[in-house]
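The chains referred to below are lettered A, B, ... by the order of the sequence lines, with proteins before strands, and numbering in each begins at 1.
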Amino acid sequence: MLVGAFACAHTPQLIARPETEDRELVLRVHAAFARVRRRLAMLQPDAIAIVAGDHVEAFFLDAVPALAVYAGAEAAGTFGPYNYRFPIHEPLARAVVEQGIERGFDLLYTQHARLDYAFFVPLHFTMPEPAVPILPLHVNVYLPPQPTPRRCHAWGGALGEILAARPERVVLMASGGMSHYPGTDRYGSPDYDWDRRVLDTLRDGRGEQLAAVTGEELDKAGNVELRTWITVLGAVGSAKAEIYCYEPSWHHGNAVVEWAIGR
Amino acid sequence: MGDRAMSEAHYRFPPAAAFPLNRCLYALKSDDAFRARFLADAKAAMAEYGLDPEAQAALLAADRDSLVARGAHPYLVFMADLRVRMARGTGTFEYF
């Protein structure tokens with residue numbers, strides 16, 4: 001069953017904390033992550049299904065999957081000084097691949113690909129004690145043509161139904177966003193107004209509207225990664241979002257959100 | 001922001017002709033052994049992936065606009081540059 005749904009920024013500076021960052025802002029985002037961690041401890045999930053957009057790390061131009069499921073025994077990666085390793089909930093991974101394909105989603109699965117910081121940063125801050133296995137779910141956000149928001153939303157809908165029918169208690173977590181433009185000449189000027197409009201929509205339980213946003217608009221708003229949120233929105237329906245924080249830094253709209261499901 | 005940024009997507013389909021360049025940038029980002037070879041002898045390392053002279057010059061100059069104009073993925077340009085700077089001891093996470 002699906003017992004919780006969250007979205008978390010994965011901004012690298014939240015871990016690396018270089019001098020370029022506003023210390024108080026970083027600490028406020030950390031406090032929001034700590035709230036998620038306490039919520040996860042309360043929810044007692046058997047697994048965290050984390051939807052993230054790999055940053056051209058596991059999936060380079062050799063093969064570019066739109067949607068992928070990590071279905072190995074464990075997933076590992078590195079980020080700066082950190083080496084991390086998470087067990088994967090294998091029965092859940094297998095069920096998601098098999099039933100996803102049965103429902104018409106031609107998923108790629110991997111038992112070997114590396115995890116990048118898109119997965120690691122939220123888990124670094126929010127994984128409860130004792131740690132629970134994860135199910136990493138990749139959505140292509142950086143290598144055009146990416147899956148359409150509508151397709152992401154539909155996949156999230158199927159995912160929500162698959163998870164709802166499972167015996168395990170599962171938390172769904174989107175990783176990424178909000179507005180930022182890594183590598184481009186717009187890195188220093190994110191579209192905070194666009195972010196705030198999206199958050200208002202989510203707060204009102206109207207997240208389904210994001211399925212109708214175009215890929216072009218996401219790119220323009222620095223929100224290619226919002227596809228991971230839109231995937232989760234497919235699973236949470238009209239549940240209203242509680243905004244734990246929205247902290248715009250000089251390069252990144254940092255948001256942490258929980259959707260009130262099953263409450 | 002220039003006209004280019006206004007009129008085109010930030011992330012674009014990587015042209016096939018840019019594959020050697022993107023492959024080289026990916027290796028600089030994610031392959032420690034390749035990055036070490038690049039730092040020891042950049043020209044020889046770039047030749048491993050068959051970069052043409054113009055792409056080599058753009059990469060050696062860390063000229064983002066030129067690299068992106070040649071079809072390099074902006075995120076790969078960003079991270080390759082960061083990793084090279086970190087390996088040289090002149091960069092930190094702050095370049096994210």
Nearest-0.5 Å distance that lies between atom OH in B:Tyr75 and atom CG in A:Leu143: 11.5 Å
Evaluate side-chain contact (heavy atoms from CB on, under 4.5 Å) for A:Val141 paired with B:Tyr11, printing each intermediate quantity in order. CA-CA 9 Å; A:Val141 301; B:Tyr11 304 105; over 6 Å; no
Heavy-atom neighbours of A:Tyr109 OH exceed 12 at 6.0 Å: no
Please list, one pair per line, the donor and acceptor atoms closer than 3.5 Å that link side chains of residues 48-57 of chain A to other protein atoms, with sequence neighbours excluded.
from	atom 1	to	atom 2	distance (Å)
A:Asp54	OD1	A:Ala58	N	3.0
A:Asp54	OD2	A:Val56	N	3.3
A:Asp54	OD2	A:Glu57	N	2.8
A:Asp54	OD2	A:Ala58	N	3.1
A:Asp54	OD2	A:Phe59	N	3.2
A:His55	ND1	A:Asp116	OD2	2.8
A:His55	NE2	A:His10	NE2	3.2
A:His55	NE2	A:Tyr117	OH	3.4
A:His55	NE2	A:Glu225	OE2	3.3
A:Glu57	OE1	B:Lys29	NZ	2.5
A:Glu57	OE1	B:Ser30	OG	2.6
A:Glu57	OE2	A:Arg114	NE	3.0
A:Glu57	OE2	A:Arg114	NH2	3.3

Does any heavy atom of chain B fall under 4.5 Å from the side chain of A:Val224, the backbone, both, or neither of them? side chain
Which residues in residues 32-49 of chain B have a heavy atom less than 4.5 Å from any heavy atom of chain A? none
Exceeds 12 heavy-atom contacts within 6.0 angstrom, atom CD of B:Gln56: yes
Side chains of A:Leu61 and B:His73: closer than 4.5 Å at any heavy-atom pair? no
With no hydrogens and no angle check, is any side-chain donor or acceptor of A:Asp219 less than 3.5 Å from a backbone partner on B:His10? yes
Under 3.5 Å: donor-acceptor pair, side chain of B:Arg12, backbone of A:Pro144: no
Nearest 0.5 Å, what's the OH-CG distance between A:Tyr142 and B:Leu76? 11.5 Å
Heavy-atom nearest pair, B:Phe78 first then A:Pro182, reads CE2-CB, 3.8 Å
